2 protein chains.
Amino acid sequence: MTRALVTGASGFIGRHSLAALVERGYEVHAVARGAGTVPATVGVTAHACDLFDDRAMAALVERVHPTHLLHFAWYAVPGRFWTAPENLDWVAASLRLVRTFAAAGGRRVVIAGSCAEYDWSHATLSEIATPLAPRTLYGTAKDALRRCLEQAAPSLGLSWAWGRIFFVYGPHEPLGRLISSLLDDLLAGRRAAVTAGTQLRDFMHAEDVARAFVATLDSAVEGSLNIASGEAVAVREVVARLGTLTGRSTLIDFGARPTPADEPPCLAADIPTLLDTVGFTPRYGLANGLERTVEWWRGSRPT
Amino acid sequence: MTRALVTGASGFIGRHSLAALVERGYEVHAVARGAGTVPATVGVTAHACDLFDDRAMAALVERVHPTHLLHFAWYAVPGRFWTAPENLDWVAASLRLVRTFAAAGGRRVVIAGSCAEYDWSHATLSEIATPLAPRTLYGTAKDALRRCLEQAAPSLGLSWAWGRIFFVYGPHEPLGRLISSLLDDLLAGRRAAVTAGTQLRDFMHAEDVARAFVATLDSAVEGSLNIASGEAVAVREVVARLGTLTGRSTLIDFGARPTPADEPPCLAADIPTLLDTVGFTPRYGLANGLERTVEWWRGSRPT
């Protein structure tokens with residue numbers, strides 16, 4: 001039997017992983033600070049646990065006795081997460097979780113990393129070739145955790161993979177991020193001030209990100225891989241599409257916000273491992289992904 | 001008032017830091033797992049605390065309310081420490097300690113790093129120029145902790161330094177390391193099988209290492225620096241001196257152990273920051289340092 005423990009199971013990405021794990025035959029145990037925040041999913045047992053509480057975490061791992069660990073939980077408050085000291089707490093909690101999981105007989109772990117680990121002076125970020133040189137505490141913390149995991153995995157007897165997430169959109173995106181804030185403005189009829197949007201980014205629907213993680217967990221891939229669509233598009237194009245989909249294009253004020261001087265012009269993702277070794281196929285392209293997101297946003301926005 | 005909290009205060013290096021801190025006018029609080037293992041030192045308050053126990057650690061920091069933190073505690077079982085999973089626990093415990101210290105108003109932290117963080121394909125290890133590329137879990141764990149500290153220090157409001165230790169000898173060296181095992185053999189009249197000893201290393205007396213850390217803590221130096229003598233000598237020379245000092249040269253069998261294939265021929269330390277900015281002067285050279293070590297070993301060896 002394969003039993004998967006999923007952390008951050010009520011989060012923007014984690015919540016989409018639950019059904020995908022059930023589909024692949026895992027017994028699924030979903031952890032969030034409050035069990036009630038885990039989306040009700042057939043075949044999934046929800047658990048409430050504060051992962052900063054060592055004893056509670058160890059008791060949970062002991063009880064569930066997972067063979068697989070999918071670790072999404074992290075500090076993710078929009079804007080603040082780049083520099084928040086809570087990043088250190090998550091490095092510590094993640095190391096203890098992995099140690100406890102391994103000691104309890106866990107076999108395979110997959111953890112959510114970030115494109116922020118890379119040196120952003122490169123335009124195409126390759127899991128094989130691009131140097132790692134995070135600029136932010138968030139990127140540094142993820143990078144430090146991965147370095148530890150990579151070096152410790154053999155002596156812990158763990159198979160492991162590390163998925164570097166790029167730019168994610170979709171249902172349940174927290175407010176305060178580009179697409180969520182834009183949709184919130186447009187659907188409320190407010191003018192949306194955005195940058196010129198010439199920078200290129202790799203966007204992926206949250207459900208596909210989650211499914212890619214589940215496919216990776218279910219594979220034998222070892223090491224770091226990019227979790228992304230493989231296609232970089234101009235932010236401007238995404239914003240314009242959302243204007244069209246909402247019928248509120250006229251509310252968008254391109255260039256009303258200056259592009260920050262240190263904003264990299266292009267962060268494209270190379271995804272050979274995800275495509276060829278994991279063999280992942282996304283469910284959404286940008287067009288239908290954004291369409292579904294707008295639909296969800298219309299339905300869920302408080303009026 | 002400056003109040004220093006010292007972790008690993010009963011350890012090989014930490015124990016030597018206590019009197020040096022008192023001399024510089026610090027109110028000194030020394031932590032070890034058992035308070036009874038902290039060497040009795042005038043002006044030092046000993047505390048028993050398991051640093052893996054978050055609540056106990058937080059209560060201690062709250063009680064002592066230190067302005068300065070000198071963090072030596074780590075997993076150090078000879079031979080095993082290079083690959084032991086306990087290295088992960090110490091990354092986690094150290095991050096939590098630093099966070100708690102900062103939150104309680106702590107101002108300056110100095111942590112014991114290691115020359116094992118460097119790329120050992122370089123012969124001279126420079127804190128300014130040598131790339132960091134640890135080969136072992138121990139080196140990786142120290143490197144990961146430092147990366148986090150470096151990036152987080154500004155938002156934590158901490159002044160910080162990171163001292164990279166090289167090869168240390170002296171009183172209280174745990175058995176199972178080169179010099180301690182050699183002296184144990186020689187003084188017991190046992191034949192000592194050693195390598196040819198052609199590799200060059202930087203040796204420093206534990207008391208000087210501790211004093212260099214205290215001087216660094218008491219300075220305004222920020223960032224990483226080597227804590228070493230600045231002089232690399234052949235291991236063979238150190239071993240031969242110990243043979244002469246014990247009068248047991250004939251027991252030493254050079255070349256009876258093969259030199260491991262991956263043993264770097266030279267690990268010399270460049271120490272500009274320690275010399276010029278900290279302004280540290282060692283108390284021991286190799287000759288009198290080894291002499292004192294042999295004296296101590298004669299006096300303390302169980303007969």
Side-chain angles (χ1 to χ4, degrees), chain A residues 50-58 75 79-104 106 109 111 116-117 131-158 160, chain B residues 50-58 75 79-104 106 109 111 116-117 131-158 160:
Chain A
D50 175 2
L51 295 176
F52 291 167
D53 180 335
D54 282 350
R55 285 165 207 164
M57 179 275 286
Y75 183 82
R80 294 199 46 217
F81 75 95
W82 292 112
T83 55
E86 283 82 352
N87 282 295
L88 302 183
D89 304 335
W90 278 107
V91 176
S94 302
L95 288 170
R96 294 199 179 182
L97 175 63
V98 168
R99 274 277 276 153
T100 307
F101 169 69
V109 56
I111 301 186
E117 296 164 54
L132 301 162
R135 283 185 193 178
T136 58
L137 181 53
Y138 172 70
T140 300
K142 290 279 186 183
D143 175 64
L145 174 60
R146 192 206 67 255
R147 287 172 191 265
C148 288
L149 178 65
E150 180 163 14
Q151 193 69 244
S155 61
L156 294 175
L158 288 180
W160 72 287
Chain B
D50 175 2
L51 294 176
F52 291 168
D53 180 335
D54 282 352
R55 285 165 207 166
M57 180 274 286
Y75 183 82
R80 294 198 45 213
F81 76 94
W82 292 113
T83 55
E86 282 83 352
N87 282 295
L88 303 183
D89 304 335
W90 278 107
V91 176
S94 302
L95 288 170
R96 294 199 179 182
L97 175 63
V98 168
R99 277 277 276 151
T100 307
F101 168 71
V109 55
I111 301 186
E117 296 165 53
L132 300 162
R135 283 185 194 176
T136 58
L137 180 53
Y138 173 71
T140 300
K142 289 279 186 182
D143 174 66
L145 174 61
R146 191 205 68 255
R147 287 171 190 265
C148 288
L149 178 65
E150 180 162 15
Q151 193 70 245
S155 61
L156 294 175
L158 287 180
W160 72 288

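Below, read A as the first sequence line, B as the second, and so on, with proteins coming before strands; counting in each chain starts at 1. Predicted model only: the values in this text are computed from it and were never measured.
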Structural part of B/Pro134 lying under 4.5 Å from a heavy atom of chain A: backbone

For B/Phe52, what residues pass the ring-ring contact (aromatic ring centres under 6.0 Å, His included) criterion, not counting sequence neighbours? B/Trp90

Taking side chain as everything from C-beta outward and backbone as N, CA, C, O, which of these in B/Ala93 sits under 4.5 Å from a heavy atom of chain A? Side chain, backbone, both or neither. both

Using non-hydrogen atoms only, which part of B/Thr136 is less than 4.5 Å away from chain A: side chain, backbone, both, or neither? backbone

Ignoring hydrogens, what is the shortest heavy-atom contact between A/Ala152 and B/Leu88? Give both atom names and the distance. CB-CD1, 3.7 Å

Heavy-atom distance under 4.5 Å to chain A: side chain of B/Leu156, backbone, both or neither? side chain

B/Tyr138-B/Phe81 aromatic ring centre distance below 6.0 Å: yes

Do B/Asp53 and A/Arg55 pass the salt bridge (charged side-chain N to carboxylate O under 4.0 Å, His left out) test, and can you show the C-alpha distance, the side-chain angles, and the key distance before you say yes or no? CA-CA 10 Å; B/Asp53 180 335; A/Arg55 285 165 207 164; 3.3 Å; yes

Atom group of B/Asn87 that falls short of 4.5 Å from chain A, counting heavy atoms: neither

Taking side chain to side chain donor-acceptor pair (under 3.5 Å) as the definition, give me every residue that meets it alongside B/Arg146, ordered by chain and number, with sequence neighbours left out. B/Glu117, B/Asp143

Contacting moiety of B/Arg99, where chain A heavy atoms sit under 4.5 Å: side chain

